[in-house]
Amino acid sequence: MKTMIPWRGIIEEYRKFLPAGEQTPIVSLQEGNTPLLPAPRLAETVCPGRELFLKIEGANPTGSFKDRGMTLAVSKAMEKKAKGLMCASTGNTSASAAAYAAKAGLPAYVVVPAGKIALGKLTQALMHGARVIQIEGNFDQALTIVKSLCEETAIELVNSINPFRLEGQKTAAMEVCDQLGCAPVIHALPVGNAGNITAYWRGYREYKEAGQTQGLPRMFGFQAEGAAPLVRGHVVESPQTVASAIRIGNPASWTFALQAVEESDGCLHMVSDEEIIQAYQMVASQEGIFCEPASAASIAGIYKLHRENLLPKDGTIVCTLTGHGLKDPDTGLSVSYRPVTVPATREAVAAQLTT
Ligand code: F0G
């Protein structure tokens, strides 16, 4: 029999970097340990001559990177005996909060923009038993409301302004170093509320300081053109993009994200919805990885910098694919061809073959 070393989730695996003590009840779905997949075919187009890897965060238990932060935030909420969990969300945070709340046996309240979150994410929150409250407004308004409510109740806020969220999320950077044997030259991420880019930069720095890895990457953040407050330098009142996960006009971690980019000699750029959809289709059809549209902003961004001759000539590039494509079947179907329907005969099917 082959002996597998069990993966115990990010808190146990990176405990010495995390604020979890003996007394912290660990709520885990064994998140983390996601693939770092070489993507040579995609690299030929988006960054020829460089090594490209995809960090597949859609392989987490609820299908997005949010689980890394949620395990710690919910464990700490249990430690302080919170009565429930609450978040505002563009979808993934609500799915993750709902799942970890179910595991912990806590009620979860999730506040989302009505009609603006992807079908899979809404289904997840409902299935895990969260109370889903849809507002006639956007994510930024939802966040203002939940912040205010959590100040007055024993309900724990589990958005990324909860410090434990970013602490958990930083383990993704540590994993990349463990998988590559060193830090990449460039790490590219989609940016919405700007928590994840902040968390990765912290993870890389702490791992290097602890002597666990060498070098530091340049952090490249990409926003959608219609929701690019960090790039434009001002709040966007009504953000618009096909990438619903990053439809955010006033990011909570604004300052930290700018700091990560500046300290790492990185950059922030924006990509159009067309560029996002093109990258979304390329990664699915050339690498066999179905990510959600927001995730593809990292690839679209690298491709854009390559076309504009702004990409360094060599070095390893890692793009984080933040969420699974199955979360948003509507967008996938809307950009795909319609399958044909033929009579149930051998001839009719054979007539469809192109090879
Ligand atoms: N990619 C996906 C799939 C996301 O769900 C998010 C954020 C991001 C990227 C951006 O990460 O906010 O840390 O800069 N989703 C949040 C949510 C806002 O509510 O699920 P960020």
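Note that ligands are numbered from 1 as they come in the structure, with each ligand's atoms numbered from 1 the same way.
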Considering only protein heavy atoms, which is closest to atom 7 (C) of ligand 1, and at what distance to one decimal place? Lys66 NZ, 3.0 Å

Ligand 1 atoms in contact with Thr93 (distance to a heavy atom under 4.0 Å): 16 (C), 17 (C), 19 (O), 20 (O)

ILVMFWY cluster, Leu143 and Leu85 together (side-chain gap under 4.5 Å): no

With clusters defined by side-chain heavy atoms of hydrophobic residues (ILVMFWY) lying less than 4.5 Å apart, directly or transitively, does Leu258 cluster with Leu216? yes

Number the atoms of ligand 1 from 1 as they appear, then name those within less than 4.0 Å of a heavy atom of Gly195, with their elements. 13 (O), 14 (O), 21 (P)

Mark up the atoms of ligand 1 that fall under 4.0 Å of a heavy atom belonging to Ile246, in ascending order. 8 (C), 9 (C), 10 (C)

To the closest 0.5 Å, what do you measure between CE (Met70) and OG1 (Thr93)? 5.5 Å

Cut-off 3.5 Å, side chains only: do Glu13 and Asn33 have a donor facing an acceptor? no

Closest non-hydrogen protein atom to atom 11 (O) of ligand 1, residue and atom name please, with distance? Phe65 CZ, 3.5 Å

Nearest-contact summary for atom 13 (O) of ligand 1 - protein heavy atom, Å: Asn196 N, 2.8 Å

First locate atom CD1 of Ile10, then atom CZ of Arg15, and finally report the distance between them rounded to the nearest 0.5 Å. 10.5 Å

Which atoms of ligand 1 have any heavy atom of Val191 under 4.0 Å away? 14 (O)

So among Thr171, Val318, Thr316, which one has a side chain to side chain contact (heavy atoms under 4.5 Å, CB included) with Val176? Val318

From Glu167, Glu209, Glu263, residue fulfilling salt bridge (charged side-chain N to carboxylate O under 4.0 Å, His left out) relative to Arg202: Glu167

For Thr90, the ligand 1 atoms with a heavy-atom partner under 4.0 Å come out as 15 (N), 16 (C), 17 (C), 18 (C), 19 (O), 20 (O)

Nearest protein heavy atom to atom 5 (O) of ligand 1, by residue and atom, and its distance? Asn92 ND2, 2.8 Å

Can you tell me which residue and heavy atom of the protein come closest to atom 4 (C) of ligand 1, and the distance to 0.1 Å? Ala245 CB, 3.5 Å

In the protein, which heavy atom is nearest to atom 12 (O) of ligand 1, and how far is it? Asn193 N, 2.7 Å

What part of Ala194, side chain from CB on, backbone N/CA/C/O, both or neither, has a heavy atom under 4.0 Å from ligand 1? backbone

Which of the numbered atoms in ligand 1 are under 4.0 angstrom from any heavy atom belonging to Ser89? 17 (C), 19 (O), 20 (O)

Could you check atom 1 (N) of ligand 1 against the protein and tell me its nearest heavy-atom contact, residue, atom and distance included? Thr322 OG1, 2.7 Å

Per-atom filter on ligand 1: closer than 4.0 angstrom to a heavy atom of Ile248 are 18 (C)

Over 12 foreign heavy atoms within 6.0 Å of CZ, Phe256: no

Mark up the atoms of ligand 1 that fall under 4.0 Å of a heavy atom belonging to Glu292, in ascending order. 3 (C)

Group every Ile, Leu, Val, Met, Phe, Trp and Tyr by side-chain heavy-atom contacts under 4.5 Å, then state whether Tyr200 and Ile302 land in the same group. no

Take the angle between the ring planes of Tyr14 and Phe17 and call it parallel below 30°, perpendicular above 60°, tilted in between. tilted

